[in-house]
Amino acid sequence: MCGRYLMTSPKDAMIKTFGVRADAHIPPRYNIAPNQPVLIVRNAEGGRRELAAVEWGLVPEWKKERGDKPLINARMETVIEKPSFRSPMKRTRCLVPFDGWFEWKSLQGRKQPFLITPVGGGLQAFAGIWTTWHGPTGDHWLETMAILTGPTLGPMRSLHSRMPLVVKPGQYDAWLKPHDPLPRGFLESFDFMPETAFEWRMVSSRMNDVRSEGPECIEAPEQERQHSLF
DNA sequence: CCAGACGTTGTT
DNA sequence: GTCTGG
DNA sequence: CCAGACGTTGTT
DNA sequence: GTCTGG
């Protein structure tokens, strides 16, 4: 799946890769967690694309209360029919810029994080959906997003049985274009990035704590502690 | 008609 | 909001 | 996703 | 165990 990710590319790369405007500084994010504000790319007025800051964890528009369990992922097998996802899937899809994502394995009773990155590095985009939620009083609103996942089919299964859908650069326009209703075979018309396009390595478990927000999150793990006590 | 659900993952 | 179940 | 908290009263 | 916070 995908429950923590990396977005460290500078503003220039965002502009070049996604064709968006970006005036403000975009700080590198080494440890993006659910419920945090993140940048997405979406369609805007006048056929342009825009960068928008939304919260990771989709809150369906019909929810009375905000609720506690954030919908951070949506399964590609069911996203078209699920009540929480079907409307955003038709009309408000988005790209979620990233440079890598994290998975954990339990090794020797510890949660060992791994960083998965595109072979050769570089900025990529998860397939995402977003929506707007209006609070009960109507005086405030919140934009949120979820990342689509699919089955992991090859060697990456040693890390996790699910992985995020990564949109190929040539299909950004197709992913962002709204449809209502969604054409038959819409998802099948996409050729998402294969897992062979990614590689992974162990990183420091300091990134397990979301308060770690710097480059230490992608450093190699510390040397294994020696059995020095007896 | 009204009431109730509406999600994913991992773990058991 | 929209669907399912009763 | 993981980490961390999880409670009230009275006294200082 | 389960919820909250990040």
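Every chain is numbered from 1 and lettered A, B, ... according to where its sequence line falls, protein lines coming before strand lines.
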Item to check | All ring-ring contact (aromatic ring centres under 6.0 Å, His included) counterparts of A:Tyr5, not counting sequence neighbours | outcome: A:Trp56, A:Phe126

Item to check | Whole-angstrom distance between D:dT8 and E:dG5, as gauged at atom P | outcome: 16 Å

Checklist entry - Using a cut-off of less than 4.0 Å, is there contact between a side-chain N or O of A:Lys69 and OP1 or OP2 of B:dG7? => result no

Next on the checklist: If only side-chain N and O atoms count, and only distance matters, is there a donor-acceptor pair under 3.5 Å linking A:Ser205 with A:Gln112?
Outcome noted: no

Output a table of donor-acceptor pairs, distance under 3.5 Å, between side-chain atoms of residues 82-90 of chain A and any protein atom two or more places apart or on a different chain; print 'none' if there are none.
| from | atom 1 | to | atom 2 | distance (Å) |
| --- | --- | --- | --- | --- |
| A:Arg86 | NH1 | A:Glu81 | O | 2.9 |
| A:Ser87 | OG | A:Arg91 | NH2 | 2.9 |

Checklist entry - For A:Ser87, which contact category applies under a 4.0 Å heavy-atom criterion: base, sugar-phosphate, or nothing? => result nothing

Checklist entry - With the sugar-phosphate defined as primed atoms, P, OP1 and OP2, and the base as all remaining atoms, what B/S/- string results for nucleotides 1-6 of chain C, 5' to 3', for protein heavy atoms under 4.0 Å? => result BSS---

Checklist entry - Heavy atoms under 4.0 Å, any strand shown: does A:Asn73 hit a base, just sugar-phosphate, or nothing? => result sugar-phosphate

Next on the checklist: Looking at A:Asp99 and A:Gln124, would you say the former's side chain and the latter's main chain have a donor-acceptor pair under 3.5 Å?
Outcome noted: no

Checklist entry - Touch check for A:Phe85, heavy atoms < 4.0 angstrom, all strands: base, sugar-phosphate only, or nothing? => result sugar-phosphate

Next on the checklist: With rounding to the closest Å, how many angstrom separate the P atoms on D:dT9 and E:dG1?
Outcome noted: 29 Å

Checklist entry - Within the structure shown, what part of the strands sits under 4.0 Å from A:Lys111 by heavy-atom distance: base, sugar-phosphate, or nothing? => result sugar-phosphate

Item to check | A:Trp133 side chain to A:Lys63 backbone, donor-acceptor under 3.5 Å | outcome: yes

Checklist entry - OP1 or OP2 of D:dA3 sitting under 4.0 Å from any side-chain N/O of A:Arg211? => result no

Next on the checklist: So A:Pro60, base contact, sugar-phosphate only, or nothing? Heavy-atom distance under 4.0 Å.
Outcome noted: nothing

